[in-house]
Amino acid sequence: MRHVLMELPYAQNALEPYISAETISFHYGKHHATYVNKLNGLIEGTEFEEKSLEHIVRFAEGPLFNNAAQIFNHDFYWRGLTGRPSSASAQLSDMIDRDFGSLEALKEVFFGMATALFGSGWVWLVVTDENKLVIESTSNADTPLRHGRTALLTCDVWEHAYYVDYRNARPEYLKSWWRVIDWRSVSENLADYLNDDTV
Ligand code: MN
């Protein structure tokens with residue numbers, strides 16, 4: 001089974017001025033695309049050749065895991081962004097207020113973890129088995145899916161996500177990323193999880 005680079009749900013200039021078309025041309029068109037090409041080469045002749053991306057993320061090791069998880073993480077990252085105004089559902093807003101106090105407080109925790117993350121990785125808004133919202137970071141390609149956890153939102157803090165627009169200034173990138181979060185997508189991820197959870 002060949003894995004394919006996802007279609008972006010918007011034009012490459014849709015997130016400007018916060019994330020430039022040039023950044024997306026490198027980040028999506030080069031980095032993300034390379035993970036897909038590498039994975040397709042790596043799965044040949046292995047037990048993962050006909051497996052889904054999620055299966056590879058859950059069970060593979062080494063380069064197979066790294067490339068598959070990076071594809072999964074980037075697909076999720078792009079789907080969590082929009083150039084259009086968006087707002088959180090009442091359900092998501094209520095849970096944010098309950099677990100963080102306010103959206104502003106959530107942002108502070110998120111940015112603190114993203115700034116403190118040493119090296120390359122990802123920061124996530126996750127919903128736990130107890131239906132509590134928490135913020136977590138993972139190193140390199142690691143991802144909540146690997147640990148059976150459900151992510152609602154992620155920020156890519158690999159330097160390749162921001163060097164074109166912000167050089168090495170991760171905090172500047174974070175502020176811009178915050179402006180293009182698709183809160184409707186985050187809300188839908190939460191609703192999907194809570195609906196599944198009632199089974
Ligand atoms: Mn990336």
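Each ligand, and each atom within it, is numbered from 1 in the order the structure gives. Here the structure is a predicted model, which means the values were calculated and not measured.
In this structure, His31 has its ring center at least 6.0 angstrom away from the ring center of Tyr35. Proximity of the aromatic rings of His74 and Trp122 is defined here by a centroid distance below 6.0 angstrom, and this criterion is met.
Between His160 and His27, the two ring planes are tilted [angle within 30° to 60°].
Side-chain atoms of Trp78 and His32 include a donor-acceptor pair closer than 3.5 Å.
Using a 4.0 Å cut-off between charged side-chain N and carboxylate O, Glu61 and Arg146 make a salt bridge.
With a 6.0 Å cutoff to the six-membered ring centre and a 45° limit on the axis angle, Arg170 does not count as a cation-pi contact of Tyr162.
Protein N/O/S atoms found under 2.8 Å from the Mn ion (ligand 1): His27 NE2, His74 NE2, Asp156 OD2, His160 NE2.
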